[in-house]
Amino acid sequence: EKAHRSHLVVTNHSLLAIDAIEGVPMIPDYDVVVIDEAHELTARVTQAATDELFAAEVERAARRSQRHVEGTEADDLADAADALRAAIGEAEPGRFDTLPDELADALVLVRDAARACLSAYPKGDSEEVDAGRTQARGAVQEVFATTERMAANAESDVLWMTEGGDRLPPRLCIAPLQVWGPMREKLLSEKTVVMTSATLMLGGDFSALATSVGLRPAERVEVGVESD
């Protein structure tokens with residue numbers, strides 16, 4: 001509420017990316033944005049647009065849902081988590097140019113089970129808000145959104161699996177191949193953007209950074225600076 005009343009809001013690259021690129025309202029409406037350390041912007045936007053998925057995350061969402069869903073949908077989601085764990089165990093770490101059949105089937109299974117589980121939640125429009133139920137449903141919604149994106153295996157995304165370790169199990173990750181298109185369409189085309197950094201230039205030229213954020217060479221305007 002305080003941010004909505006403010007004329008100046010200070011945030012970070014990640015929240016700006018989620019708000020502007022992904023369309024999730026994180027900060028109040030604005031007309032002008034000044035981006036400091038702009039040489040890091042592309043990496044931060046890519047990071048914000050990257051999703052991860054653990055089998056344990058699906059299990060946890062299913063377990064929390066069992067308290068709120070009366071049917072078998074939460075149990076079905078738990079079974080789908082088992083299928084996903086098995087598929088991850090059979091897959092080789094690294095980038096997937098083509099999804100292995102078992103892994104593709106497991107992602108579809110989790111996606112469909114998560115969708116059914118979401119539909120099984122009580123609507124509760126006229127009831128007092130249950131914070132626990134809201135959080136549990138949110139966990140299932142996140143699982144659904146991630147598996148839907150991974151199962152789609154769009155050409156604009158890259159999907160890979162980490163090796164895992166002693167403390168962290170293997171996980172699936174998905175990220176956009178490039179972010180300049182969304183940045184141009186949803187940020188540069190709609191807002192006045194000022195980018196600042198001590199290292200914007202590479203080899204004495206701005207072209208590399210300009211291209212990475214969606215600016216075209218033909219749009220460049222040279223402004224001379226006269227010294228006294």
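As a basis for the values below, the full set of heavy atoms in this structure was taken, side chains included, without hydrogen atoms, waters or symmetry mates.
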Exercise for the section: Give the cluster check for I35 versus L215: same hydrophobic cluster or not, with ILVMFWY residues linked at side-chain heavy-atom distances below 4.5 Å. Expected result: yes
Problem - L109 to A83 - nearest heavy-atom pair and separation - result: CD2-CB, 3.7 Å
Practice task
Locate the shortest heavy-atom distance separating E52 from E57; write the atom from each residue and the value.
Solution key: O-OE1, 3.7 Å
Exercise for the section: Using a cut-off of 6.0 Å, state whether more than 12 heavy atoms not belonging to E142 lie near its atom CD. Expected result: no
Exercise for the section: Kindly indicate whether the side chain of Y30, heavy atoms from C-beta on, has any atom under 4.5 Å from the side chain of L16. Expected result: yes
Handout entry: Straight-line distance of D75 CG to R63 CZ, nearest 0.5 Å
Key = 12.5 Å
Fill in the blank from the handout: When every non-hydrogen atom of A136 is compared with those of S65, the smallest separation belongs to O-OG, 4.3 Å
Exercise for the section: Check the pair R64 / Q135 against side chain to side chain contact (heavy atoms under 4.5 Å, CB included), numbers first and verdict last. Expected result: CA-CA 9 Å; R64 295 176 68 181; Q135 292 175 1; 3.2 Å; yes
Practice task
Treat each ILVMFWY residue as a node, draw an edge where side-chain heavy atoms are under 4.5 Å apart, and state whether V45 and I27 are in one component.
Solution key: yes
Exercise for the section: Please indicate whether E163 has more than 12 foreign heavy atoms, meaning atoms of other residues, nucleotides or ligands, lying under 6.0 Å from its CD. Expected result: no
Practice task
Output the distance between atom CZ (R115) and atom CD (E148), rounded to the nearest 0.5 Å.
Solution key: 6.5 Å
Practice task
Determine whether F54 and I174 fall in the same hydrophobic cluster, where Ile, Leu, Val, Met, Phe, Trp and Tyr are linked whenever their side-chain heavy atoms lie under 4.5 Å apart.
Solution key: no
Exercise for the section: Would you name the heavy atoms of C173 and L159 that are closest together and state the gap between them? Expected result: O-CD1, 3.1 Å
Exercise for the section: Under the salt bridge (charged side-chain N to carboxylate O under 4.0 Å, His left out) rule, what do R85 and E59 come out as? Steps first, then yes or no, please. Expected result: CA-CA 10 Å; R85 177 176 285 104; E59 272 185 349; 2.8 Å; yes
Practice task
Decide yes or no for V143 and V110: does some side-chain heavy atom of the first lie under 4.5 Å from some side-chain heavy atom of the second?
Solution key: yes
Handout entry: Donor-acceptor contact below 3.5 Å, side chain K191 vs main chain V33
Key = no
Problem - Reported OG1-to-CG distance for the pair T147 and D112, which is rounded to 0.5 angstrom - result: 8.5 Å
Using distance only, find each side-chain donor-acceptor pair of residues 88-101 under 3.5 Å and give its atom names and separation, not counting sequence neighbours.
{"residue": "R95", "atom": "NE", "partner": "D97", "partner atom": "OD1", "Å": "3.4"}

Problem - Donor-acceptor pair, side chain of H13 and main chain of D36, under 3.5 angstrom - result: yes
Exercise for the section: Evaluate the criterion side chain to side chain contact (heavy atoms under 4.5 Å, CB included) for residue pair L172 and L84; output intermediate values, then yes/no. Expected result: CA-CA 10 Å; L172 296 174; L84 179 63; 4.2 Å; yes
Problem - L41 reachable from L188 in the ILVMFWY side-chain graph, under 4.5 Å edges - result: yes
Practice task
Apply side chain to side chain contact (heavy atoms under 4.5 Å, CB included) to the pair L177 and S156, showing each step before the final yes or no.
Solution key: CA-CA 6 Å; L177 282 171; S156 57; 5.8 Å; no
Problem - Short side-chain donor-acceptor distance under 3.5 Å, D51 and T146 - result: no
Exercise for the section: Indicate yes or no: at least one non-hydrogen side-chain atom of R184 is less than 4.5 angstrom from one of L187. Expected result: no
Problem - Intermediate values then yes/no, side chain to side chain contact (heavy atoms under 4.5 Å, CB included), Y121 and V69 - result: CA-CA 6 Å; Y121 265 79; V69 174; 3.7 Å; yes
Problem - Minimum heavy-atom distance between S197 and A38, given as atom pair plus value - result: CB-N, 3.7 Å
Completion exercise
When rounded to the nearest 0.5 Å, the distance separating CD of Q47 from CD of E40 is 10.5 Å
Practice task
Quick one: pull up CG in L103 and CG in N153 and give me the separation to the nearest 0.5 Å.
Solution key: 9.5 Å
Practice task
Tell me, please, which residues at least two apart from D157 pass side-chain hydrogen bond (donor to acceptor under 3.5 Å, both in side chains).
Solution key: R149
Handout entry: Distance-minimising heavy-atom pair for P176 and T46
Key = CD-O, 4.3 Å
Handout entry: Inter-residue atom distance W160.CH2 - T50.OG1, 0.5 Å rounding
Key = 5.0 Å
Practice task
Identify whether L107 and L118 are in the same connected component of the hydrophobic contact network (ILVMFWY, side-chain heavy atoms under 4.5 Å).
Solution key: yes
Problem - N12 atom CG, neighbour heavy-atom count above 12 within 6.0 Å - result: yes
